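Below: one structure, written as structure tokens.
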Amino acid sequence: MSDAEPRPSTDFIRSIVNEDIRTGKGDGRVHTRFPPEPNGYLHIGHAKSICINFGIARDYGGKCNLRFDDTNPVKEEQEYIDSIIEDVRWLGFDWEDRLFYASDYFGTLYEYAVKLIEKGKAFVCDQTPDEVRECRGTLTEPGRNSPYRDRSVEENIDLFERMRAGEFPNGARTLRAKIDMASPNLNMRDPVMYRILHASHPRTGDKWCIYPTYDFTHGQSDSIEGITHSICTMEFEDHRPLYDWHLDALGIYHPRQIEFARLNLTYTLMSKRRLHQLVKDGHVTGWDDPRMLTLCGMRRRGYTPEAIRNFCDRIGVAKADSVVDFSFLEHCLREDLNRRAWRMMAVLRPLKVVLTNYPEEKTEELDAVNNPEDEAMGTRKVPFSRVLYIEREDFMEDPPKKFYRLAPGREVRLRYAYFIICDEVVKDANEEIVELRCTYDPATRGGDAPDGRKVKATLHWVSAEHALDAEVRLYDHLFTKENPDEAPKGQDFTANLNPDSLEVLSGCKLEPSLSGAKSGDLYQFERLGYFCVDSKDSTPAQPVFNRTVTLKDAWAKAQAIERK
RNA sequence: UGGGGAGUGGCCAAAUUGGCAAGGCUCCUGACUCUGGAUCAGGUAAUUGAAGGUUCGAAUCCUUCCUCCCCAGCCA
């Protein structure tokens with residue numbers, strides 16, 4: 001094995017896992033978890049986290065739990081729980097019987113809290129939110145102790161029990177960890193462990209009126225589940241000392257928290273707050289709008305789980321802030337679609353072509369390849385007749401040098417059909433081109449000339465008589481700027497919304513094989529891009545297709561550069 | 001001006017721990033082609049944030065500095 005493959009480099013998290021296994025930490029066990037808060041829909045950034053957590057479990061023969069971090073009933077809803085379960089499953093991951101909720105542990109967490117009170121490591125504080133803020137200090141100044149910090153264990157226990165019993169209104173008291181108000185890490189300045197929230201919880205209903213905070217919940221939940229590596233994003237790095245403090249104070253099993261940089265993508269926004277805003281303010285049609293980088297939006301757009309997973313596996317895992325080019329996501333998408341999608345012909349902006357030397361009543365069935373990348377996908381028949389549609393942009397009356405499609409007097413090939421020559425351009429009163437009159441060469445049936453002559457272009461087409469009508473939705477980036485947050489003074493990201501992010505085309509002409517198209521089928525409309533049936537709005541009578549992504553298009557690119 | 005992180009071609013990102021700067025995306029050529037797709041071949045692009053220092057040798061070690069990100073929710 002002299003020319004061994006260079007071993008794929010391991011990211012820093014896997015290096016840590018390797019080291020832990022080598023040193024026998026945790027008996028060589030690997031157990032991760034994906035811990036979403038059910039307060040919104042999952043997006044491509046979550047996919048990265050999902051792929052890391054489930055991927056590491058898979059690679060090391062370990063396990064990965066799905067755990068909802070549902071400690072804030074005022075923001076969380078069953079709708080989100082349902083969508084998250086659906087999306088993680090769709091992405092292709094399996095948590096077997098390990099679907100958990102932090103709320104499953106509310107009882108245990110309460111006991112843990114009592115334990116810390118008994119150890120003198122927690123106290124009930126009567127300060128108002130404003131007073132807490134007041135005493136917290138600033139980035140450069142230490143905080144001051146709460147006047148309630150030195151209550152007796154008995155009084156703390158009594159008050160905490162009464163908090164639980166519902167004796168006090170929201171915000172009246174909190175349970176706080178007794179750590180260090182002078183800590184340079186603000187998270188360590190006696191952080192709140194429990195707050196009073198008279199709110200109904202999607203899972204526990206009205207059983208509780210006090211709820212543990214993230215900091216008092218996450219590590220203990222990890223501990224309870226026997227998590228070995230608790231992987232989260234960088235903004236929690238400051239919380240790690242607190243994560244560790246709770247676990248040590250409690251003296252329970254202590255997982256290790258590891259932080260990585262969250263995903264950013266050009267032309268897209270990832271924060272849930274702003275995703276909410278886009279939906280709420282009607283800039284998109286919903287969480288599953290195909291322009292959204294939510295998993296449900298991407299699914300509706302035609303992204304495959306395979307493409308998303310491959311993308312996540314290839315972008316790498318590191319701690320430095322980064323912004324991945326959107327074109328890389330598209331690259332991964334096309335790579336998958338190219339080898340799986342059925343090739344079809346569809347004309348989006350039809351231009352009528354009449355073959356003047358083709359018999360009026362005649363129809364032929366021509367053979368077309370379903371996928372040149374995969375012979376096993378076979379061939380199909382495509383009907384051909386005297387009147388056809390071609391793409392408007394495939395004809396130019398007065399073409400520039402680099403344009404080598406159809407033009408007056410020029411010969412091109414109709415894919416899988418015949419060579420045709422354009423003899424005449426028919427215009428209406430407004431000088432609009434409404435029809436092309438062409439002649440075909442019967443000897444070129446199937447697309448090859450027996451005399452060996454070549455044509456520069458091959459066009460897609462659809463027989464008018466046999467065509468299916470459809471609506472096609474073309475999508476572009478939701479934002480015009482690589483960084484949507486880069487807005488003019490006084491304006492926010494909505495100033496960068498792309499007015500052309502959606503273009504709806506009606507009266508598109510599809511080849512008849514598409515009549516059986518159903519949601520989830522992957523298609524390439526030849527020379528145009530990849531398309532899918534819209535899962536919401538399409539009906540057999542009125543089909544609606546979404547453009548998932550265009551094909552790479554050297555001609556379009558050259559034109560775009562020329563226009564600049 | 002406290003604390004915590006991070007800086008490697010335009011964008012991600014490796015570099016077996018001091019040994020002669022991978023790979024992918026983008027971009028540009030060319031070949032091939034019944035998709036201006038795919039594929040194949042090649043190319044442009046990095047004094048590794050900066051300056052000093054140690055060393056035969058530094059992206060890796062030491063000093064100083066610069067820049068960016070996160071933290072003052074009873075959100076996660």
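Only a predicted model underlies this, so the values are computations on that prediction, with no experimental measurement involved. Basis for what follows: all heavy atoms, side chains included, without hydrogens, waters or symmetry-related copies.
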Checking the side chain of Glu76(A) only, and the main-chain atoms of Glu37(A) only, is there a donor and an acceptor separated by less than 3.5 Å?
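Checking the backbone N and O of Glu37(A) against the side chain of Glu76(A), no donor-acceptor pair under 3.5 Å is found.
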Tyr214(A) aromatic ring stacked with six-membered ring of A76(B), 5.5 Å and 30°:
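Not stacked: fails the 5.5 Å / 30° test.
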The side chain of Lys75(A) is closest to which nucleotide in this list: C75(B), A76(B), U35(B)?
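It is C75(B).
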Options U35(B), C74(B), G2(B), nucleotide nearest the side-chain atoms of Leu186(A)
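The answer is G2(B), which lies nearest to the side chain.
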Atom P, compared across U55(B) and C65(B): separation rounded to whole Å
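Per the computed distance, 24 Å lies between those P atoms.
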Expressed as a whole number of Å, how far does the C1' atom of C20(B) sit from that of C56(B)?
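Rounded to whole Å, the distance is 12 Å.
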For a quick check of understanding: with a heavy-atom distance under 4.0 Å over all strands, which category does Glu134(A) fall into, base, sugar-phosphate or nothing?
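Counting heavy atoms under 4.0 Å across all strands, no contact is made by Glu134(A).
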Answer syn or anti for U17(B), where the cut-off is 90° from 0 on the glycosidic torsion.
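Because its glycosidic torsion lies within 90° of 0, U17(B) adopts the syn conformation.
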Donor-acceptor pair under 3.5 Å: do we get one between Glu373(A)'s side chain and the base of G37(B)?
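Yes, the side chain and the base share a sub-3.5 Å donor-acceptor pair.
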For nucleotides 24-33 of chain B, 5' to 3', base contacts (B), sugar-phosphate-only contacts (S) and non-contacts (-) with protein non-hydrogen atoms under 4.0 Å give SSSSS-----
Under a 4.0 Å heavy-atom cut-off, which of residues 315-322 of chain A touch RNA chain B?
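Here the set is Ile315(A), Val317(A), Ala318(A), Lys319(A), Ala320(A), Asp321(A), Ser322(A).
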We want to know whether Thr379(A) and Asp367(A) form a side-chain donor-acceptor pair, criterion being a heavy-atom distance below 3.5 angstrom.
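Thr379(A) vs Asp367(A): no donor-acceptor pair found between side chains.
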Taking only residues two or more places apart in sequence or in another chain, which ones pass ring pair (Phe, Tyr, Trp, His ring centres under 6.0 Å) with Tyr105(A)?
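For Tyr105(A) there are no ring pair (Phe, Tyr, Trp, His ring centres under 6.0 Å) partners, ignoring immediate neighbours.
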